[in-house]
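Structure, as structure tokens:
Note on naming: letters A, B, ... go to the chains in the order of the sequence lines (proteins, then strands), and numbering restarts at 1 for each one.
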Amino acid sequence: MSQPPLTPAIDQPIRFEDRSRDRIEYTTCYMCACRCGIQVTVQDGKVRFIQGNPNHPVNQGVLCAKGSAGIMKQYSPAKLQHPMIRRPGTERGAGVFDPISWDDALAMLTTRLRHIRSTDPKRLAFFTGRDQMQALTGLWAQQFGTPNWAAHGGFCSVNMAAAGLYSIGYSFWEFGAPDWDRARYFMLWGVAEDHASNPIKIGLDKLKRNGAKFVSVNPVRTGYSAIADEWVPIRPGTDGLLALAMVHVLLSRELFDWEFLVRYTNAAWLVIDAPGTARDGLFLRNLQGQPLLFDQQAQTSAAMAAGVQPALFGQWTVEDPTADAAARASAPAGLAGVRVRTVMSLLAERYLDEEYSPAAVAERCGVPAEQIERLALEMASVAFQETIELPIAWTDVWGREHTKVVGRPVAMYAMRGISAHSNGFQTCRALHLIQMLLGALDGPGNFRSRAPFPKPIPPHQLPENDARVINAPDTALPRTPLGFPARPEDLAIDEHGQPLRLDKAYSWESPIAAHGMMHMVIHNAVKGDPYPIDTLMLFMANMAWNSAMNTSQTQDMLCAKGADGAYKIPFIVVSDAFDSETVRFADLVLPDTTYLERFDTISILDRPISEPDTVADAIRHPVVPLDRDVRPWQEVLVDIAARLGFPAFSDAEGKPRYAGYEDFIVRYERAPGIGFLAGWRGADGAESLKGAPNPNQWQAYIDGQSFFASHWPDHMKFNRGVNQAYLDEAARVGFIGKAEPIVMQIWSEPLQKFRLAGQGLYDGPRPTRPQDRERLTRYFDPLPCWYPPLETGALDDPDKYPFHAITQRPMVMYHAWDSQNAWLRQIVGQNFLYMNATRAATLGLADYDWVWVESHNGRIRCQLKTMDGCEANTVWTWNAIGKMSGAWGLDPLAAEATHGFLLNHLISESLPRHEGQPAITNSDPVTGQAAWYDVRVRITKAAPGETGVWPKIEFGQLPGSAA
Amino acid sequence: MKLGLVVDLDTCVGCHACAVACKEWNGQSLMAGGAPDYDGHGAAPSGVWFNRVRHYEFTAQAPGPEQAQGCGHVNLSKTINVPMSCMHCEDADCVTVCPTGASYKRAEDGIVLIDPEKCMGCNYCAWACPYGARELDTDAGVMRKCTLCVDRIYDEQLPAAERQPACVLACPAHARHFGDFDDAGSLVSLITKAREGVALLPELDYKPVNRYLPPRAAPEVDTAQADARPANLKDRLRAMANRLIEL
Amino acid sequence: MKPALSVVFFTVSSGAGLGLLIWATLARLMQGSQPGFGFAVAMAGVLFTAGLLSSSLHLANPRNGWRAFARFRHSWLSREGVFAVAVYPVAAAFLWADAHALRGLALVSGLLLVALALIVLACTGMIYACLKTVPHWRNWQTAVAYPLFGLMSGALLWLAAISGAAADQALNDTPMRQGTMLALLLLVAGGALKLSYYLRFARAPALPSLNAAIGLPPGRVRLLDVGHSGRTFLTDEFVFALAREQARLLRWVALGLGFALPGLLLAFAPRWTAPAVASCLAGLLVERWLFFAEARHVVRVYHGA
């Protein structure tokens with residue numbers, strides 16, 4: 001075959017685009033929790049091209065498939081066009097709407113809300129989903145006076161956030177990031193496409209180029225796990241066992257960082273050993289309330305201070321500082337002190353026990369003992385043999401002037417695979433424990449904090465729990481609806497121990513439900529337990545479909561009527577940009593703009609986009625004209641806030657304080673000088689992080705490519721919890737209240753207090769129901785622990801359901817709303833249930849077989865595919881691909897509806913139980929995190945002729961009648 | 001010049017960013033002429049894509065004693081994500097077989113392009129391409145393919161750093177690189193040499209220009225020092241002497 | 001490979017037309033006047049032209065079809081087009097010379113016409129045989145098949161034309177006898193060639209393994225996900241797969257209808273030229289359809305097929 005002919009360029013000149021018609025705009029992507037900076041080329045008012053902004057700290061110019069597909073999101077036929085009201089006489093869920101003007105819609109809604117607010121404010125439940133504007137929506141709910149607000153964290157990954165905030169002062173999730181440039185060993189636990197999507201991709205490439213080893217612990221070998229140097233196929237729900245076995249290895253070989261533990265954690269703190277008393281397991285504190293250590297020099301207890309030489313190990317009987325003279329005098333001889341042990345002694349005794357040895361856990365977690373041992377030794381080798389020293393001078397909180405920063409270059413990151421289990425909180429704490437033992441936190445090469453974190457452990461923000469204030473009409477809540485309980489007194493319960501919140505967050509059932517429990521809202525509202533509500537407002541939350549457990553029953557519940565024929569949830573308001581499944585269940589639909597059509601803030605007060613070295617925030621601003629009768633939801637919230645006369649939104653005469661959302665963002669100050677946007681503050685725009693409102697702030701951001709970034713000086717970059725200069729600055733700008741040391745907590749005193757309450761010993765509120773007592777006693781372990789996922793324990797016969805069923809997001813889609821994207825749905829337009837190929841063969845199953853998947857809660861039918869890279873006891877599928885027929889502007893026969901399926905139908909919001917047993921939420925007992933990866937299933941081949949997904953749910957057809 | 005791409009199979013996580021960025025750029029590119037979708041929100045959506053990412057599972061053979069631990073040697077089982085687009089072959093049969101001359105190869109830089117003004121939509125070039133680089137646009141009746149973003153790389157209206165193919169700019173894992181393989185000092189030449197990059201199906205003699213970098217071998221971590229102490233009994237805890245560490 | 005019905009029809013029809021034209025011209029030059037010649041030429045013209053028109057139906061953008069002559073120097077498809085178009089003026093010249101009894105011109109143009117027609121047939125074969133992407137076609141059988149089947153079906157058509165025109169002539173008329181012998185010979189040759197092509201299938205060069213196609217070291221590679229949920233141009237065109245049993249059955253049909261039955265009819269019922277022709281053409285249509293349907297393109301490897 002001859003060589004092809006070559007064509008000189010001059011014969012075929014290149015046709016370039018006429019860029020004189022282009023307008024380049026910078027804003028922020030909205031597809032996932034990454035918030036990359038994007039550069040949008042607009043031609044004649046239409047989006048021509050979306051690419052990553054090379055100057056942006058988060059993505060540095062790259063952009064994933066979701067962001068690049070923004071054009072198809074912008075021009076999707078599923079966009080809502082105008083407000084709608086359910087046509088009178090039609091059934092909720094039938095999706096029959098009439099248009100209504102904004103004026104009428106807002107007037108109607110305001111009237112209703114005003115009535116609720118002036119009678120019983122908690123009858124408004126306001127929950128948000130995939131949004132990232134919790135600071136505003138939370139403020140709004142607080143001002144309204146209802147505690148019944150949360151975002152979707154309780155359904156999503158609160159375990160990661162909470163575990164970090166109760167252990168190290170920052171967390172996996174959005175409050176920290178690995179030091180990709182310097183890490184020499186990186187372990188990824190339970191992460192598929194998830195928070196920090198592009199930074200992880202950028203970072204993994206850097207790691208590999210630098211020759212660092214990347215280990216991925218995940219039951220499925222796709223995505224990040226595909227490129228791992230070592231893939232560890234773990235049995236879902238057993239990561240805690242693996243982690244604690246590694247702790248065992250490190251302890252047994254004395255491979256831990258003495259200095260880090262003594263100086264930066266509470267490993268040397270003295271824990272009172274007084275079983276059966278109210279102080280058992282609490283820290284020994286002096287009269288000033290400071291926790292005490294045992295000073296080896298002075299051979300007595302002392303508070304943490306410069307010069308003290310704490311003993312890491314030991315137990316003593318020491319003088320009790322809080323006992324008064326009389327008590328001391330009356331104590332029997334020889335017992336005149338209090339027995340104490342260091343945290344380190346307690347943890348070493350616990351984890352050195354054979355039950356945590358690699359051999360003991362190997363079979364349960366599916367990782368061979370020798371591999372567990374080797375992984376732990378590899379981490380230790382890297383931590384202690386490849387130590388990094390940066391020549392940075394810094395001063396710690398004990399006054400010591402260091403000439404260098406020491407880094408044990410082992411980093412970790414973890415997310416949903418840990419989180420979505422009922423043991424996720426404790427498992428995540430175990431991961432932090434490994435890092436603390438290795439001295440591998442917030443230093444070079446570690447998982448590091450991101451501004452505004454670290455914060456005190458836990459952060460000093462308590463949820464509103466004063467029943468009188470909650471029930472008081474027309475009263476803003478002094479505290480936020482969400483917070484971080486540190487002791488039983490902080491729970492949101494009434495004098496009978498009953499939950500004050502609709503979702504029962506911060507009750508004995510879920511004491512540290514730091515992000516609320518969105519997944520219980522509809523169920524509880526319909527059952528009227530703890531109380532019925534009047535209005536449910538949902539924003540960007542697809543709770544009638546994939547953001548629900550037990551989807552078909554959830555849809556039934558949304559339409560449930562009482563004996564009087566009225567809906568049990570009288571009024572439902574849904575705000576969204578697109579025609580989701582949930583929109584059909586609304587009574588009032590308030591359409592939102594897309595991300596390219598609005599002003600928005602990605603605030604440090606909210607979910608920050610800072611990097612470890614850079615404090616940052618960002619905005620969005622309209623880059624294409626609005627072409628339909630929709631309004632940005634924040635604008636609507638500010639409008640309603642003004643109409644209802646919320647104190648923060650009204651002036652002294654009760655008139656609206658702000659002209660609208662933009663004005664609110666610029667002039668609202670949470671504290672003097674602290675607002676939603678940190679950049680270009682001050683009258684002249686020259687101040688950062690703290691400063692007077694700047695009326696030109698929005699323009700300054702727009703001119704600055706829609707983001708603000710300020711780099712920390714070197715001496716403030718590391719060991720922030722004990723870095724004096726950093727803490728001073730953090731206090732100055734309002735990240736923290738006071739410049740006090742943030743000492744990492746291996747032993748969690750808040751958890752111990754709740755445990756004491758469960759044991760009936762706590763000197764304060766205590767639970768009365770036996771199941772609450774039992775749960776607190778069992779699960780509120782002050783040290784990280786592992787227990788089998790609750791669903792497994794609650795099933796009569798777990799072997800009847802031998803498989804763990806989990807999901808992950810494909811990298812091209814993040815939320816349900818990507819399926820309506822014409823490009824992305826060509827890549828993933830339907831999902832299959834994947835099973836390990838060898839295991840499938842033993843069951844006589846092959847690719848494309850239709851199978852029944854059955855849990856204790858229900859069953860579905862779907863198509864199977866096999867793969868090698870799947871843990872043998874796991875089946876998995878892509879998240880949120882299956883769609884309800886007719887939703888999202890898709891053809892009713894779209895594959896998403898005919899072949900796509902949800903596992904959610906199989907998951908109940910309650911644990912399996914027998915008749916008469918109380919219903920217990922299917923959640924982590926500490927945080928209330930929805931435990932949707934706990935579900936156990938049985939797989940059987942469908943009979944010939946049984947093809948097609950089941951149930952197939954169509955609008956207008958109640959799920960129970962699905963064929 | 002011999003322009004082309006390097007794709008790094010070691011860091012490609014299969015996110016499809018490159019495929020979608022390409023679709024986005026070329027949907028309105030004057031040189032590519034479009035990449036239409038059919039039934040985009042319908043029951044059977046499909047469309048023309050110039051770059052598709054395919055996913056495979058690789059099960060390694062048990063390594064024998066004679067297998068060297070070279071840079072390009074993979075001795076562990078992995079999932080491999082493989083983006084595929086036009087290789088801009090030196091001996092591009094798709095150009096040779098085209099009867100109208102619509103399919104052409106630029107003399108200066110070797111980029112293979114389609115002139116939609118000449119294409120008659122006979123599909124012959126697609127038959128000649130082993131990599132599936134060409135797809136038929138049934139709206140216009142012409143073939144479409146990767147242009148190596150020729151209208152970006154030479155566009156002086158763009159900032160220099162953006163004169164790259166859209167897929168290379170987008171890739172979050174930096175698994176794509178663009179450059180001149182005729183220049184021994186270019187990035188693409190250097191990394192191909194260093195990582196022993198391979199061409200796909202070289203035995204067909206198309207002389208594809210694009211190179212694929214194989215997955216790296218896993219780094220070895222020496223645990224000898226850490227392992228030096230034998231595993232302890234719990235009693236050793238009692239014997240652990242406290243070190244003197246001052247706050 | 002998805003068989004394009006227009007192309008299947010084109011190659012059989014044009015092939016038969018060209019073959020018929022070749023035998024009609026040669027017979028005219030060597031045997032002189034022959035009843036049925038005019039009819040044969042007309043039929044050849046119709047078959048050839050119908051085939052060409054059909055082939056343009058295969059084009060997604062036919063208004064650029066005229067450009068197909070541009071790459072004569074490089075592309076077999078272009079060459080086929082150029083030579084095919086050239087057939088018309090040369091045929092016209094031959095017929096004109098023949099009609100005006102210009103023996104010299106008729107001889108030259110006639111031989112040129114025969115050569116051209118053979119070249120066109122050869123080009124058609126080379127269009128497929130030159131593709132490295134379809135290993136099943138990389139063999140001499142593919143290159144020779146088109147000329148051979150064209151000559152074969154053309155010979156049968158020629159027989160039909162002259163026997164139809166001279167229905168009352170004796171069966172052992174020399175041209176008839178020679179024609180029958182020729183046709184039988186070609187049927188045997190054709191059948192043998194096709195059989196050898198099918199037999200070669202079993203030992204055909206395998207498509208590269210997925211492992212080799214991605215350039216991985218030794219090990220097993222399987223497809224996890226092809227990268228799209230629905231159909232694409234590539235799956236439509238190349239991943240079309242015929243079930244093995246279906247293929248086997250159709251091969252027998254092709255061999256039987258295309259070669260064996262016509263041969264038997266000619267041998268034992270030489271008057272039954274029309275059924276022989278019909279059977280042969282039907283069989284060739286099946287053969288051609290199978291030629292595409294059984295072919296495996298290298299890109300299938302990437303689709304896990």
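The two residues Gln3(A) and His74(C) have their closest heavy-atom pair at O-ND1, 3.9 Å.
Using a 4.5 Å cut-off between heavy atoms, Thr866(A) touches chain C through backbone and side chain atoms alike. For Phe832(A), no part sits under 4.5 Å from any heavy atom of chain C, backbone or side chain. Contacts of Asp868(A) with chain C are made by both backbone and side-chain atoms, with heavy-atom separations under 4.5 Å.
Crowding of Arg248(C) atom CZ: a count of heavy atoms from other residues, nucleotides or ligands under 6.0 Å not exceeding 12.
Not counting sequence neighbours, Arg200(C) has no partner by the salt bridge (Lys or Arg N to Asp or Glu O under 4.0 Å) test.
Residues of residues 222-236 of chain C lying within less than 4.5 angstrom of chain A, judged on heavy atoms, are Arg222(C), Leu224(C), Asp225(C), Gly227(C), His228(C), Ser229(C), Gly230(C) in numerical order.
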